[in-house]
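Written out below as structure tokens is the structure these notes cover.
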Amino acid sequence: MNLEGGSKTMTFGLGVILTVFFVGVVLLGIEVFVAGFGLFGLLGIGAVVASLIMAGATIGQLWLSLGLAAAVLTGLGFWAYRRLSTNRPLIYKGLILTDSTSTEKGYLSHEDRKQLLGKIGVTLTPLRPAGTAEIDGERLDVVTEGGYLDQHTKIQVYKVDSGRIVVRTFIEPKEDVTE
């Protein structure tokens with residue numbers, strides 16, 4: 001930094017100016033990846049602007065530097081806006097998931113248990129309202145309609161929905177005693 005005798009001009013070496021500029025860019029990069037209230041961003045913007053001010057030997061050069069920086073930032077902002085507002089992939093491919101898993105493609109989140117409808121089994125644990133039951137010789141996680149069922153209670157599958165097996169207490173059908 002030079003302070004000349006009669007004039008109030010400050011000049012900085014290129015190394016100092018570039019160091020302040022790159023520190024600002026690094027701080028702005030940190031702001032992108034760190035959740036926070038913007039301290040890194042504010043310091044980064046301040047360092048970049050300070051480096052632009054230090055680079056300007058005259059007011060004209062200062063305004064030229066600030067104008068160029070504003071134009072570049074506006075262009076980058078417009079490019080980023082256009083890129084994010086379309087469904088095209090971002091710079092880093094794979095940043096946004098575009099594939100989906102569906103049953104048409106062979107992906108299943110659970111086994112289809114519709115064949116269990118109406119089957120009779122017995123609870124292996126108390127159902128409050130969820131627990132374990134044995135149906136057709138297989139241990140299954142089941143739920144009741146909301147009530148409590150004791151262990152070793154005879155049950156019947158009432159509904160199967162998205163892998164959820166809903167059971168009720170099995171009521172023996174009464175025999176017709178008409179003679």
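Nothing fancy with the numbering, it's 1 onward along the sequence.
Taking CD1 from I120 and CZ from F170, the interatomic distance works out to 3.5 Å, rounded to the nearest 0.5 Å. T144 contributes atom OG1, which lies 6.0 Å from atom CG of L127 (distance to the nearest 0.5 angstrom). Taken from CD in E31 to CG in L43, the straight-line distance is 9.5 Å, to the nearest 0.5 Å. With values rounded to the nearest 0.5 angstrom, K154 atom NZ is found 12.5 Å from I171 atom CD1.
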When you look at F21 and V48, which way does the side chain to side chain contact (heavy atoms under 4.5 Å, CB included) test go after all the steps?
CA-CA 5 Å; F21 179 78; V48 169; 3.8 Å; yes
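The same ILVMFWY cluster, assembled from side-chain heavy atoms under 4.5 Å apart, contains both L140 and V167. Both V49 and L14 are part of a single hydrophobic cluster, where members link through side-chain heavy atoms under 4.5 Å apart.
Residues satisfying the side-chain hydrogen bond (donor to acceptor under 3.5 Å, both in side chains) criterion with Q151, sequence neighbours excluded, are absent altogether. Scored by the salt bridge (Lys or Arg N to Asp or Glu O under 4.0 Å) test, D136 finds K119 as partners (sequence neighbours excluded).
Closest heavy-atom contact between I135 and V142: CD1-CG1, 4.3 Å. Taking both residues in full, the closest heavy atoms of G24 and A47 are given as CA-CB, 3.5 Å, listed atom of the first, atom of the second, then distance. Residues V157 and L116 approach most closely at CB-O, 3.2 Å, considering heavy atoms. What you find for Y158 and L117 is that their closest heavy atoms are O-CD2, 3.6 Å. Heavy-atom minimum distance, V160 versus R113: CG2-O, 3.5 Å.
With T132 contributing its side chain and T125 its backbone, the two residues share no donor-acceptor pair below 3.5 Å. At least one donor-acceptor pair closer than 3.5 Å links the side chain of T123 to the backbone N or O of T153. The closest donor-acceptor contact from the side chain of Q156 to the backbone of R168 lies at 3.5 Å or more, if one exists at all.
Looking at heavy atoms from C-beta onward, L28 lies in side-chain contact with I45 at the 4.5 angstrom threshold. Residues F22 and V20 are not in side-chain contact: their nearest non-hydrogen atoms beyond the backbone lie 4.5 Å or more apart.
Looking at E145 and K159, no side-chain N of the basic residue comes within less than 4.0 Å of a carboxylate O on the acidic one, giving no salt bridge.
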